[in-house]
Amino acid sequence: LVDLAREIEEAERMVNARVDAKLQVIAGQIKALQEEARAVLAEARQDQQLHHARCHFQRRPGQVYHLYRQDDGSLTFSLLSPNDWQGRPPHPFVGSYRLEADLSWTPLADVARPDDTRARN
């Protein structure tokens, strides 16, 4: 009877350890998914903000556009980079972005880096 009780106790410890390990894996996966969801939402907010920037020309996927902040705080796209202004643009430069085929925006510094919205090299 004592041996049976010890065996049951050992089995319970093993089951609890296995369950704990599996739950730890699931908790890590949940945390990773939450972080990924936050990143997706942040990217969507940035894309929306960029789509609301003033633009005096038709935007075309594949083109790079340069974003400037106007005196009133609004954002405006230009075809001219800071280099085209010889380093002295008329408004503060915010960044350069490429419009993708799915109408998302990629910072120019990230254009060479593949992700799941663009064709991989």
Side-chain angles (χ1 to χ4, degrees):
L1 194 58
V2 172
D3 288 341
L4 180 59
R6 246 184 264 145
E7 188 178 310
I8 291 172
E9 185 179 327
E10 180 63 22
E12 285 181 1
R13 267 198 309 261
M14 295 297 284
V15 167
N16 288 339
R18 190 178 70 243
V19 168
D20 186 55
K22 287 181 177 183
L23 289 175
Q24 291 295 329
V25 168
I26 291 169
Q29 292 170 338
I30 289 170
K31 192 175 210 175
L33 287 171
Q34 288 173 329
E35 289 301 316
E36 189 171 342
R38 283 186 195 96
V40 167
L41 291 172
E43 186 178 318
R45 277 191 295 277
Q46 179 180 344
D47 285 349
Q48 289 173 340
Q49 181 185 27
L50 293 174
H51 279 292
H52 284 99
R54 281 189 280 181
C55 185
H56 300 290
F57 45 83
Q58 186 175 4
R59 299 173 193 176
R60 298 187 189 281
Q63 291 294 115
V64 173
Y65 301 103
H66 310 283
L67 192 65
Y68 296 91
R69 186 169 308 281
Q70 301 295 315
D71 295 335
D72 65 1
S74 65
L75 298 173
T76 302
F77 274 118
S78 172
L79 295 172
L80 301 175
S81 73
N83 290 339
D84 295 329
W85 295 98
Q86 296 167 345
R88 293 185 312 254
H91 302 286
F93 175 68
V94 176
S96 295
Y97 299 87
R98 182 174 71 187
L99 181 60
E100 303 298 338
D102 65 357
L103 299 183
S104 65
W105 294 94
T106 301
L108 193 56
D110 296 342
V111 166
R113 186 175 8 162
D115 71 11
D116 58 1
T117 62
R118 294 184 296 283
R120 295 183 187 265
N121 293 336

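Any value given below was found using the heavy atoms of this structure, including those in side chains, with hydrogens, waters and symmetry copies removed. These numbers were taken from a predicted model, which means no experiment stands behind them.
Across Gln46 and Tyr97, no two heavy atoms sit closer than the pair NE2-CE2, 3.1 Å. In this structure, Arg59 and Arg54 approach most closely via the heavy-atom pair NH2-C, 4.2 Å.
No side-chain donor-acceptor contact under 3.5 Å links Ser81 and Asn83. A side-chain donor-acceptor contact under 3.5 Å links Ser96 and His66.
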I would like to know whether Glu9 and Glu12 meet side-chain contact (heavy atoms from CB on, under 4.5 Å); could you show each step before the answer?
CA-CA 5 Å; Glu9 185 179 327; Glu12 285 181 1; 5.6 Å; no
What do the steps show when you test Gln63 against Phe77 for side-chain contact (heavy atoms from CB on, under 4.5 Å), and what is the final call?
CA-CA 12 Å; Gln63 291 294 115; Phe77 274 118; over 6 Å; no
Please assess Arg98 against Val64 for the test side-chain contact (heavy atoms from CB on, under 4.5 Å), listing each intermediate value before the final yes or no.
CA-CA 4 Å; Arg98 182 174 71 187; Val64 173; 4.1 Å; yes
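Screening residues 8-54 for ring-ring contact (aromatic ring centres under 6.0 Å, His included), with sequence neighbours left out, gives His51-Trp105.
A distance of 12.5 Å separates CZ of Arg69 from NE2 of His91, quoted to the nearest 0.5 Å. Here Ile30 contributes atom CD1 and Leu23 contributes atom CG; the two are 9.0 Å apart, rounded to the nearest 0.5 Å. Taken to the nearest 0.5 Å, the CG atom of Leu67 stands 10.0 Å off from the OG atom of Ser78. Separating the CZ atom in Arg18 from the NZ atom in Lys22 is a distance of 5.5 Å, to the nearest 0.5 Å. Note that CG of Asp47 and CG of Asp102 are 8.0 Å apart. Values are rounded to the nearest 0.5 Å.
Note on Leu75: it clusters hydrophobically with Phe57, by side-chain heavy-atom contacts below 4.5 Å among ILVMFWY residues. Neither Leu33 nor Leu41 shares a network with the other; the hydrophobic side chains, linked directly or stepwise wherever heavy atoms of I, L, V, M, F, W or Y lie under 4.5 Å apart, form separate groups for each.
Checking side-chain atoms of Asp20 against main-chain N and O of Asn16 turns up no donor-acceptor pair under 3.5 Å.
With sequence neighbours excluded, the residues that form a salt bridge (charged side-chain N to carboxylate O under 4.0 Å, His left out) with Arg38 are Glu35.
Through direct or relayed side-chain contacts under 4.5 Å between Ile, Leu, Val, Met, Phe, Trp and Tyr, Leu80 connects to Tyr68, Trp85, Phe93.
Within 6.0 Å of CD on Gln86 lie no more than 12 heavy atoms contributed by other residues, nucleotides or ligands. Enclosure of atom CD in Glu7 is not indicated, since only 12 or fewer non-hydrogen atoms of other residues, nucleotides or ligands lie within 6.0 angstrom.
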